[in-house]
Asker: 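Mind having a look at this structure? Questions to follow.
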Amino acid sequence: MLEIDYSNMMSDVIGEAGLTGEDFDTIEAGARKAHEEISGRKRPGFAFLDLPEQDVSALKEMGGEVREGSRYYLHLGIGGSALGPRTILEALSPFLNYLRSPKVFIYDNVDPCTLENILSLVDLSRTAVNVVTKSGSTAETMASYMVMHEKLGGRTEPFLATTDPEKGYLRKMARDSGMRALPVPPEVGGRYSVLTPVGLLLAEVIGVGADALLAGAREMREHCREADLERNPAYLFGAMLYLMDARKRRNINVMLPYADRLKPLSEWFCQLWAESLGKEGKGSTPYPSLGTTDQHSQLQLWMQGPPDKVITFLRIGDYGTDVPIPRVFEDTGFGYLGGHSLAELITAEEESTELCLAGNGRPNMTITVPVVDAAHLGQLFLFFELATAFAGCLYGVNAFNQPGVEEGKNFTYGMMGREGYGEKRAEVLESRKKKVWKA
Ligand code: PA5
C-alpha cells in the first residue's frame, strides 16, 4: 500500500510556511460537506469511484484478439484519452517496443512528423488501430482516424472504437460500419477514464491485465472511505494542496517521481489537477517533473526562488532490480560511489532533496510507492482522482467539466470550416487584424 509522509508540510517541522491545526480547522465544514457529496455520489462525475466493479469481459476478449492477431497497435486519442494509456504503457512495460509484440504507438498530438515516423515503422497490414474519443468528435482524434482510414484502404476490420455507448459521431459510424467498439461510461469524465476501456484495453494488449489495476484501485478506495482527513489519505493530500494554495499562497504544485517509468504519471496527474480545478479564477498550477533529472534543472528555483511551490515526491520502495556500482577508480574523487548501487544513489538523492527543501522552509511531502506494478499503479490512479475531486469540492468548483477547453475547440471548428461555427471563424479572422506584426 502507498504511504504518505507529510511531516514536511507541517509548521512544527518547516516553520511558518507549514500548515497548522488551525489551517485544517478552516476547512472542517467544507471537508464534511465534500465527504457527503462524494460518498453519496451527488455528482455523476464521482462514478469513477465505482469503476473497480465494472465488467471487463468484453475488453479482455478484444485485448486478446489484438495481442494474438496484430504485430502493431496504434492508439489514437488525446487528453484524457491518451495520458492515462501512456502512463500504463510506460510504467508497466517500459521499452516494450524494443522487446515485444504488438508494438504500441500512442498518437495524440496530430504532429505530422510523428505520424510519418510511426508509419515508417509499422506494417499496416498487421496493425490494429484503436480510435479513442469519449465524445466521438474531438478534431485531433477524428482527423487521425480519417488519415488512417484512407491509409488502410477504407477497411473496417483493423479498427476499434472506444467511445460513448450511445452518443457521438464515432459511435454512429461504428454502428453503421460494424466496427468493433467498447464503451466509455458516459458519466466518467475524460481525465478520470484511465480505468475504463480507455486505459484497460491497452493494459490487456500489453499483457498486464485489467484485473490487477482494478484491484489496486479497489484497495485504495477501501482505504479512503472515512470522512476524517487523518484516516483518508486521498482527502488529506487534496486538502493539503488546497490549504497551501488558499492559506499560504503556494499555488504551484510539482509532481516529482523518482522513476523514469512514472514520468507520464506526473503528466497525467497534471492534466487531472489542472483541468479539474482551474476554473472561476481558482485552482493551483501543477507541473510535471522527474527526479533526479530536475535536481539539475529546477531545484535551484524550488529552493531559493519565489516561495510559491509545494513538491510531491514519489519515492520508489523497491525498483525491482538494481545495478551495483563497481569499486573502480578508487583513488579518484568519486571512489566513494563504488560498492553502492544505482537504486541506493537515486534514493539517497531523493531523501537529500526532501531534507534540503524542508531545511529551507519549502513544503514537500513524500508518497512511497512500494513497487511500480499494476496494483500500485491502480492505487495511484484512484488516489489522485479522489484527491482531485475532493479538492474540487473544497474550491467549490465542478471538477468534472472543462468550459475553457470547449471554447478553444469551437474556434478550431470555425477555422476548419465546420458547419454551424461560421461566427467563430469570423471572430478569429477579426482578431488577426488586431495583431501587430513587427519585422
Ligand atoms: O478530461 C477531458 O474531458 C478532456 O481532457 C478529454 O479527455 C479530451 O478533450 C479528449 O476528449 P475525447 O476523449 O472526447 O476525445
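Ligands are counted one by one from 1 in listed order, and the atoms in each one are counted from 1 as well. When a residue number appears, it is its place in the shown sequence, counting from 1.
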Asker: List the closest protein heavy-atom neighbour of atom 10 (C) of ligand 1: residue, atom name, distance to the nearest 0.1 Å.
Answerer: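 Result for atom 10 (C) of ligand 1: Ile78 O, 3.3 Å.
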Asker: For atom 4 (C) of ligand 1, what's the nearest protein heavy atom and its distance?
Answerer: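 Checked against all protein heavy atoms, atom 4 (C) of ligand 1 sits closest to Glu275 OE1, 3.4 Å.
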Asker: Measure the acute angle between the ring planes of Phe400 and Phe46, then classify it against the limits of 30° and 60° as parallel, tilted or perpendicular.
Answerer: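 Phe400 vs Phe46 ring planes: perpendicular.
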Asker: Based purely on interatomic distance, does Gly189 place a nitrogen or oxygen under 3.5 Å from a nitrogen or oxygen of ligand 1?
Answerer: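 Looking only at distances, the answer is no, because the N/O contact criterion of under 3.5 Å is not met.
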Asker: Can you report which non-hydrogen protein atom sits closest to atom 15 (O) of ligand 1, along with the distance?
Answerer: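 So the nearest neighbour among protein heavy atoms is Thr138 OG1, 2.5 Å.
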Asker: Can you tell me which residue and heavy atom of the protein come closest to atom 6 (C) of ligand 1, and the distance to 0.1 Å?
Answerer: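 Protein heavy atom with the smallest distance to atom 6 (C) of ligand 1: Gly80 N, 3.9 Å.
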Asker: Parallel, tilted or perpendicular for His75 and Tyr73, by the 30°/60° rule?
Answerer: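 Aromatic pair His75/Tyr73 classed perpendicular.
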Asker: Hey, can you tell me if Tyr242 and Tyr395 have their rings parallel, tilted or perpendicular (30° and 60° cut-offs)?
Answerer: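 The rings of Tyr242 and Tyr395 stand perpendicular, inter-plane angle above 60°.
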Asker: For the residue pair Phe390 and Tyr235, categorise the inter-ring angle as parallel (less than 30°), tilted (30 to 60°) or perpendicular (more than 60°).
Answerer: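 Rings of Phe390 and Tyr235: parallel, as their planes differ by under 30°.
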Asker: Any nitrogen or oxygen of Thr141, main chain or side chain, under 3.5 Å from a nitrogen or oxygen of ligand 1?
Answerer: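 Thr141 vs ligand 1: no N/O contact under 3.5 Å.
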Asker: Need the ligand 1 atom indices (1-based, order shown) with element for anything under 4.0 Å from a heavy-atom of Gln271.
Answerer: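 That gives atoms 1 (O), 4 (C), 5 (O) of ligand 1.
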Asker: Check Asp50 with Arg41, please: is the shortest side-chain N to carboxylate O separation under 4.0 Å?
Answerer: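 Counted as a salt bridge, because a side-chain N and a carboxylate O are separated by less than 4.0 Å.
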Asker: Around Lys263, counting heavy atoms of other residues, nucleotides and ligands shown, do more than 12 lie under 6.0 Å from its NZ?
Answerer: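 Open: at most 12 neighbouring heavy atoms sit under 6.0 Å from NZ of Lys263.
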Asker: Suppose we measure from atom 13 (O) of ligand 1 to each protein heavy atom; which comes out shortest, and what is that distance?
Answerer: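 Minimum-distance protein heavy atom for atom 13 (O) of ligand 1 reads Ser81 OG, 2.6 Å.
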Asker: Within less than 4.0 angstrom of ligand 1, does Lys409 place any heavy atom?
Answerer: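 Yes; Lys409 lies near enough to ligand 1 that a heavy-atom distance drops under 4.0 Å.
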Asker: Please determine which of Trp273, Tyr192, Phe381 meets the ring-ring contact (aromatic ring centres under 6.0 Å, His included) test together with Trp268.
Answerer: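 Checked Trp273, Tyr192, Phe381 against Trp268; only one passes ring-ring contact (aromatic ring centres under 6.0 Å, His included): Phe381.
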Asker: What atoms of ligand 1 come within less than 4.0 Å of a heavy atom belonging to Gln402?
Answerer: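 Listed by number with element: 3 (O).
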